[in-house]
*Asks:* 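If you scroll down you'll find the structure; I have some questions about it.
Residue numbers run from 1 in the order of the sequence given.
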Amino acid sequence: MNEPDDRYRALRRLPPFPSIATKLLQLLEDDNVSVKKIVDLIKADAALTAELLRIVNSPIYGFSTRISSLQTSVAMMGFQTVRSFALTVCMKGFLHTALRIDLLRRIWRHSLACGILCDELSQVCSTNMTRDDRAYTAGLLHNIGSLGLFVAHPRTYADLLAGIRGDCILEKERSVLGIDHCEAGGWLARNWGFPDDLRHVVITHHAAPRPGVFETADLVRVAVLMTDGLGFAFVPPASEHSLSDLRSLLPHQAQYRFDPDPEALTARITTRLDSFD
């Protein structure tokens with residue numbers, strides 16, 4: 001696997017990313033996109049619509065009346081929430097029956113938990129306390145390289161991950177497969193038409209958060225560490241960090257806004273994860 005093209009051979013055999021998810025990612029780039037445009041896109045996929053309505057009507061969200069339309073879902077849950085849910089359902093559908101495999105399910109739940117944390121962190125890091133669903137998307141998709149490598153090399157990748165810690169995962173992937181999951185994710189992101197800033201997050205999510213700078217990529221890097229620290233890692237983390245320690249990596253004003261009880265935060269994230277099962 002020394003030739004560059006050979007490293008991506010197995011990834012080329014993966015099915016294409018769902019076209020509706022690619023369109024959703026493109027629409028995320030437009031701050032002025034209309035609710036109608038998003039709703040019309042989702043409505044064009046009957047399976048996606050049905051799954052979204054199933055999630056919205058689950059007991060977890062506790063609405064007193066049954067929601068039977070996407071328009072009502074948007075009104076009840078908010079435009080950004082429905083848009084993020086739609087992308088999550090698309091990603092889950094892409095993995096489909098493979099999620100029955102325990103390891104892949106752990107990787108998926110790690111990614112989804114990271115997206116949920118990114119969503120919360122985007123609010124506390126915002127000057128006007130508004131959420132940015134692009135942060136959720138970046139957290140959800142940051143680890144597509146691991147998902148892709150597992151689907152492409154299921155037995156080899158499972159054996160590779162057995163008994164390793166987070167600090168040596170990239171080196172182990174390169175030694176066994178000739179490519180690590182950040183490189184694999186970057187290749188998939190480019191070939192699937194992800195926006196450039198999202199591809200940057202995928203490639204660099206294992207880098208250390210940069211002091212004095214806090215862009216989406218830095219937010220994801222902190223969220224990855226928090227996700228692992230809260231118990232949603234798919235391999236044991238390189239070192240144990242408390243939530244309090246990791247808060248110090250956030251911008252100064254966000255540290256005061258984000259101070260949840262770790263057990264309550266873990267329970268809240270778990271409830272959200274379970275709603276997609």
*Asks:* So Lys43 and Gln71, side-chain contact (heavy atoms from CB on, under 4.5 Å) or not? Walk me through it.
*Replies:* CA-CA 10 Å; Lys43 283 170 62 178; Gln71 287 88 341; 3.7 Å; yes

*Asks:* Quick one: do Leu273 and Phe232 satisfy side-chain contact (heavy atoms from CB on, under 4.5 Å)? Show the steps, please.
*Replies:* CA-CA 11 Å; Leu273 296 180; Phe232 299 104; 3.6 Å; yes

*Asks:* To check you understand the geometry: which heavy-atom pair defines the closest contact between Arg199 and Gly186, and what is its length?
*Replies:*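 Arg199 and Gly186 have their closest heavy atoms at NE-O, 3.0 Å.
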
*Asks:* Any chance you could lay out the side-chain contact (heavy atoms from CB on, under 4.5 Å) test for Leu219 and Leu250, step after step, and finish with the verdict?
*Replies:* CA-CA 8 Å; Leu219 186 150; Leu250 297 172; over 6 Å; no

*Asks:* Linking I/L/V/M/F/W/Y whenever any side-chain heavy atoms sit under 4.5 Å apart, do Leu41 and Phe194 land together?
*Replies:*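 Yes; tracing contacts between hydrophobic side chains, which count when under 4.5 Å, links both residues.
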
*Asks:* Okay, side chain of Asp228, backbone of Pro237: is any donor-acceptor separation there less than 3.5 Å?
*Replies:*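 No; zero donor-acceptor contacts below 3.5 Å.
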
*Asks:* Quick check for you: to the nearest 0.5 Å, what is the distance between Ile67 atom CD1 and Met77 atom CE?
*Replies:*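 Here the rounded value is 7.0 Å.
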
*Asks:* Which residues pass the ring-ring contact (aromatic ring centres under 6.0 Å, His included) test with His206, not counting sequence neighbours?
*Replies:*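 His181.
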
*Asks:* Quick one, Ile38 and Leu24 - any side-chain contact, counting heavy atoms below 4.5 Å?
*Replies:*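 The answer is yes, as the side chains (C-beta and beyond) meet within the 4.5 Å cut-off.
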
*Asks:* How close do Val201 and Ala217 get, counting heavy atoms only, and between which atoms?
*Replies:*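 Closest approach of Val201 to Ala217, heavy atoms only: CG2-CA, 3.9 Å.
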
*Asks:* Does the side chain of Arg109 come within less than 4.5 Å of Ile269's, by heavy atoms?
*Replies:*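 Not in contact.
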
*Asks:* Hey, does Asp197 have a side-chain heavy atom less than 4.5 Å from the side chain of Glu215?
*Replies:*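 Heavy-atom side-chain distance check fails, nothing below 4.5 Å.
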
*Asks:* Could you see if Val222 belongs to whatever hydrophobic cluster contains Val220? Use Ile, Leu, Val, Met, Phe, Trp, Tyr and a side-chain cutoff under 4.5 Å.
*Replies:*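 Different clusters: Val222 never reaches Val220 through Ile, Leu, Val, Met, Phe, Trp or Tyr contacts under 4.5 Å.
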
*Asks:* Return the minimal non-hydrogen interatomic distance between Leu52 and Ala86, and the atom names on each side.
*Replies:*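 Between these two residues, the closest heavy atoms are CD2-N, 3.7 Å.
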
*Asks:* Within the distance-only criterion (no hydrogens, no angle test), does the side chain of Lys92 pair as donor or acceptor with the backbone N or O of Phe276 below 3.5 angstrom?
*Replies:*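 Yes, because the side chain of Lys92 sits within donor-acceptor range (under 3.5 Å) of the backbone of Phe276.
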
*Asks:* Between atom NE2 of His205 and atom CG of Leu225, what is the distance when rounded to the nearest 0.5 Å?
*Replies:*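 The CG atom of Leu225 is 10.5 Å from NE2 of His205, to the nearest 0.5 Å.
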
*Asks:* Tell me, yes or no, whether the heavy-atom count around Glu171 atom CD, taken from other residues, nucleotides or ligands under 6.0 Å, exceeds 12.
*Replies:*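 No, not enclosed.
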
*Asks:* Hey, would you say the Phe234 and His110 ring centroids sit under 6.0 Å apart?
*Replies:*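 Yes, ring centres under 6.0 Å apart.
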
*Asks:* Hey, is CG on Asp261 packed in by over 12 heavy atoms from elsewhere, all under 6.0 Å?
*Replies:*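 Check passes, neighbour count above 12.
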
*Asks:* Before we go on, tell me: are the rings of Phe94 and Trp108 under 6.0 Å apart, centre to centre?
*Replies:*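 So the answer is no for these two rings.
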
*Asks:* Measure the acute angle between the ring planes of Tyr256 and His252, then classify it against the limits of 30° and 60° as parallel, tilted or perpendicular.
*Replies:*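 Geometry flag for His252 against Tyr256: perpendicular rings.
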
*Asks:* Could you check whether any side-chain heavy atom of Tyr136 comes within less than 4.5 Å of a side-chain heavy atom of Leu112, counting everything from C-beta outward?
*Replies:*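 Sidechains of Leu112 and Tyr136: in contact.
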
*Asks:* Quick one: pull up CG in Leu48 and CG in Leu87 and give me the separation to the nearest 0.5 Å.
*Replies:*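 So the gap between those two atoms works out to 9.5 Å.
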
*Asks:* Check whether Ser248 reaches the backbone of Asp245 with its side chain - one donor and one acceptor, N or O, closer than 3.5 Å.
*Replies:*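 A pair under 3.5 Å: yes.
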
*Asks:* Please round to the nearest 0.5 Å and tell me the distance separating atom CG of Leu230 and atom CG of Leu117.
*Replies:*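 Result: 6.0 Å between the selected atoms.
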
*Asks:* Write down the atom of Cys114, the atom of Thr227, and the distance for their closest heavy-atom approach.
*Replies:*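 Smallest interatomic distance, heavy atoms only, reads CA-OG1, 3.3 Å.
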
*Asks:* With side chains defined as the heavy atoms from C-beta onward, is the minimum distance between Ser73 and Leu53 less than 4.5 Å?
*Replies:*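 Yes, side chains in contact.
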
*Asks:* Between the main-chain N or O of Thr130 and the side-chain N or O of Gln123, is there a donor-acceptor pair closer than 3.5 Å?
*Replies:*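 Between the backbone of Thr130 and the side chain of Gln123 there is no qualifying donor-acceptor contact (under 3.5 Å).
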
*Asks:* Salt bridge or not between Arg257 and Glu120? Use side-chain N to carboxylate O under 4.0 Å.
*Replies:*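 Judged by the 4.0 Å cut-off on N to carboxylate O distance, Arg257 and Glu120 do not form a salt bridge.
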
*Asks:* So Leu121 and Met226, side-chain contact (heavy atoms from CB on, under 4.5 Å) or not? Walk me through it.
*Replies:* CA-CA 11 Å; Leu121 292 177; Met226 287 185 175; 4.1 Å; yes

*Asks:* A side-chain contact here means heavy atoms from C-beta on lying under 4.5 Å apart; do Val39 and Val35 qualify?
*Replies:*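 Yes, at least one pair of side-chain atoms sits under 4.5 Å.
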
*Asks:* Among residues at least two apart in sequence or on other chains, which ones pass side-chain contact (heavy atoms from CB on, under 4.5 Å) with Thr22?
*Replies:*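 Only Phe17, Gln26 meet the side-chain contact (heavy atoms from CB on, under 4.5 Å) criterion with Thr22.
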
*Asks:* Using the rule given for side chain to side chain donor-acceptor pair (under 3.5 Å), can you reason through Asn143 versus Ser146, listing the C-alpha separation, both sets of side-chain angles and the distance that settles it, and then say yes or no?
*Replies:* CA-CA 6 Å; Asn143 215 28; Ser146 289; 3.3 Å; yes

*Asks:* With side chain to side chain donor-acceptor pair (under 3.5 Å) as the test, would you mind laying out the steps for Thr72 and Ser69 before giving the verdict?
*Replies:* CA-CA 5 Å; Thr72 306; Ser69 73; 2.7 Å; yes

*Asks:* Taking NZ, NE, NH1 and NH2 as the nitrogens, is one of them in Arg106 or Asp102 under 4.0 Å from a carboxylate oxygen of the other?
*Replies:*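 Asp102 and Arg106: salt-bridged.
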
*Asks:* Carefully, step by step, assess Arg221 and Thr204 under the rule side chain to side chain donor-acceptor pair (under 3.5 Å).
*Replies:* CA-CA 8 Å; Arg221 293 163 190 163; Thr204 65; 2.9 Å; yes

*Asks:* What residues form a salt bridge (charged side-chain N to carboxylate O under 4.0 Å, His left out) with Asp119, not counting sequence neighbours?
*Replies:*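 If we apply the salt bridge (charged side-chain N to carboxylate O under 4.0 Å, His left out) test to Asp119, skipping adjacent residues, the hits are Arg131.
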
*Asks:* To check you understand the geometry: which heavy-atom pair defines the closest contact between Ser122 and Ala135, and what is its length?
*Replies:*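 Smallest heavy-atom distance, with atoms named: CB-CB, 3.7 Å.
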
*Asks:* Quick one: do Ile169 and Leu147 end up in the same hydrophobic cluster if we chain Ile, Leu, Val, Met, Phe, Trp and Tyr together by side-chain heavy atoms under 4.5 Å apart?
*Replies:*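 Yes.
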
*Asks:* Please tell me whether Val89 and Leu27 are part of a single hydrophobic cluster in this structure, the criterion being side-chain heavy atoms less than 4.5 Å apart.
*Replies:*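 As far as the 4.5 Å side-chain criterion goes, Leu27 and Val89 are connected within one cluster.
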
*Asks:* Would you say Phe85 and Glu51 make side-chain contact, with heavy atoms under 4.5 Å?
*Replies:*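 Answer no - side chains too far apart.
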
*Asks:* How many angstroms lie between CG in Leu14 and CG in Asn191, if you round to the nearest 0.5 Å?
*Replies:*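 Here the rounded value is 10.5 Å.
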
*Asks:* Is any side-chain heavy atom of Leu141 less than 4.5 Å from a side-chain heavy atom of Leu25?
*Replies:*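 Touching, per the 4.5 Å side-chain cut-off.
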
*Asks:* Determine the minimum heavy-atom distance between Ala158 and Leu103, stating which atoms define it.
*Replies:*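 Taking Ala158 first and Leu103 second, the nearest heavy atoms are CA-CD2, 3.6 Å.
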
*Asks:* I'd like to know if the side chain of Ser111 reaches the main chain of Ile107, judged simply by a donor and an acceptor atom lying under 3.5 Å from each other, with no hydrogens or angles considered.
*Replies:*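 Looks like yes, one N/O pair under 3.5 Å.
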
*Asks:* Check the hydrophobic clustering (I, L, V, M, F, W, Y; side-chain heavy atoms under 4.5 Å; chains of links allowed) and say if Val224 and Phe214 are grouped together.
*Replies:*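 Shared cluster, no.
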
*Asks:* Go through Tyr8 and Glu183 one step at a time and tell me if the side chain to side chain donor-acceptor pair (under 3.5 Å) criterion holds.
*Replies:* CA-CA 10 Å; Tyr8 306 112; Glu183 296 171 300; 5.5 Å; no

*Asks:* Measuring from Thr88:OG1 to Leu140:CG, what's the distance to the nearest 0.5 Å?
*Replies:*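 Reported to 0.5 Å precision, the distance equals 4.5 Å.
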
